[in-house]
K.L.:
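Before I ask anything, here is the structure I am working with.
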Amino acid sequence: MLVVPEALIADLVSAEDAFAAVEATFAAMAREDAYNFPVVREALGEGRQYGFKSGLDRAGHLLGVKSGGYFPGNADRGIPNHQSTVFLFDPDSGQLKALVGGNLLTALRTAAASAISIDRLARADARVLGMVGAGHQSAFQMRAAARVRKFDKVVGWNYHPEMLPRLAETAAELGLPFEAVSLEEMGAQADVIVTITSSNAPSVMDAHIRPGTHLACMGTDTKGKQEVEAAILARARVFTDEVAQSVSIGEAQHAIAQGLIAEGDITPIGAVINGTAPGRQSDDDITLFDGTGVGLQDLAAADVAVRRAVERGMASDVAL
Ligand code: NAD
C-alpha cells in the first residue's frame, strides 16, 4: 500500500491537474461509467461532523472512499477544522492501494468543479467575478475561476465583513482589483458569482441577479444549508455534479421542496462536457451550477497525487 502524506500534495497536484481529473470523472458519471455510492454523514455533537463519500469510476479504474469531517475545536489546537483522508482500492481485487492526505485535495477538487462550470457555462465575455464567502475555500475558488476567464475585476461580499481582506489579498495575488460591495451591487456588476459559505439561509436573492449571470453555488453540501434564493433556480438553467445529491443535499433541495423546479430540470455538467446536453444557449440565460461535492472528485484528485508520487519516487510503500 502506498502512502502519500498531506505535506506532499501541494507539490504533486496543481489546479490544472485537479481540473482535468474532475472534468474526466464528471464526464464518466454522465456516461454512466462512474457512480457515487450513497453519502454517509453524521453529526457527532458539539458541532463535529463526520462522513464518508465513495464511488466507483470504471473508466478511470478508481474505487475508494474519502473519509472526512469538520471539527470546530481544531483551530485552537493549531490544526485545520476540516480533516480528510482518501483511501484508494484496486477495483479488480479490492486491495487497498493507497492512503492519501485529503485536505488540500478537497480544496483543489472543489475549486476545480466551480471552474469547470464557469468554463462550460459562463459567458465567454465575462469580465467581473463576484465572490460570496471569504473562508478557507474562497481563495482556491477565486484562483481556479481566474484560470478559465479573463476577469478584470473581483467584487466580494461576506456575511462576516472582517474577513473581506482575505478576498482582497487573493485578488491582489492574481493581479486583479478588488471591491467590497453590497449584494445588490454584486448582482449589478458580476458576470460570474461563486458562492462558498456555510450559510443556512439565502444571501443572494432573485432580485439581485440579472440575465446572463452564471452562478457557481458551492457551499451547500448538507440538508438545511442554503446560499441563494430558491426563485433563482426557477429562472435559471440548472446544472450540477450529481442530480441525486443536488435535490437532496445541494442548493436545489429548496427549489424542489417548494415545487419551483423538478428533478428533470437539472442537467449533469458531465452531459455538457460530453456534448450530449446543451450548456448556455443565449447570452441572457442565467446558468446555475449546484456543486454538491461528490466522492469521485476526491478519488480522481487522489489518483493524480498517487501517480505523480510514484513517478517521482515520493510515495512510501507500506505492507498492511
Ligand atoms: P469556512 O468555515 O472557512 O468559511 C465559512 C464561510 O461562510 C465564511 O465566509 C463565513 O463568513 C461564511 N458564513 C458563515 N456563516 C454564515 C451565514 N450565516 N451566512 C452567510 N455566510 C456565512 O469554510 P470553507 O472551508 O470556506 O467552506 C465553505 C463552505 O463550503 C462550507 O459550508 C463547506 O461545507 C462547503 N464545502 C463544499 C464543498 C463542495 O464540494 N461543494 C467542498 C468543500 C467545502
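Whatever order the structure lists them in is the order used to number ligands and atoms, beginning at 1. One is the number of the first residue; the rest follow in order along the sequence.
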K.L.:
Quick check on Glu16: does its CD atom have over 12 non-hydrogen neighbours (other residues, nucleotides or ligands) under 6.0 Å away?
P.N.:
yes
K.L.:
Using the side-chain contact (heavy atoms from CB on, under 4.5 Å) criterion, which residues pair with Arg31? Sequence neighbours excluded.
P.N.:
Ala27, Ala28, Asp33, Ala59, Asn274
K.L.:
Which protein residues have a heavy atom under 4.0 Å from ligand 1?
P.N.:
His82, Arg109, Thr110, Gly133, Ala134, Gly135, His136, Gln137, Asn158, Tyr159, His160, Met163, Ile196, Thr197, Ser198, Ser199, Ser203, Met218, Gly219, Asp221, Lys225, Gly291, Thr292, Gly293
K.L.:
Looking at Lys225 and Glu251, is any side-chain nitrogen of the basic one under 4.0 Å from a carboxylate oxygen of the acidic one?
P.N.:
no
K.L.:
Output side-chain donor-acceptor pairs under 3.5 Å for residues 75-83, partner residues at least two apart or in another chain, one line each.
P.N.:
| unit_1 | atom_1 | unit_2 | atom_2 | d |
| --- | --- | --- | --- | --- |
| Arg77 | NH1 | Asn74 | OD1 | 2.7 |
| Asn81 | OD1 | Ala75 | N | 2.9 |
| Gln83 | NE2 | Pro80 | O | 2.9 |

K.L.:
Got a sec, which pairs hit side chain to side chain donor-acceptor pair (under 3.5 Å) with one end in residues 287-310, sequence neighbours left out?
P.N.:
Asp17-Arg308, Lys66-Asp298, Arg109-Asp298, His214-Thr287, Asp241-Thr292, Gln245-Thr292, Ser246-Asp290, Arg280-Thr287, Asp303-Arg307
K.L.:
Have Gln226 and Asn200 got a donor and an acceptor in their side chains that come within less than 3.5 Å?
P.N.:
no
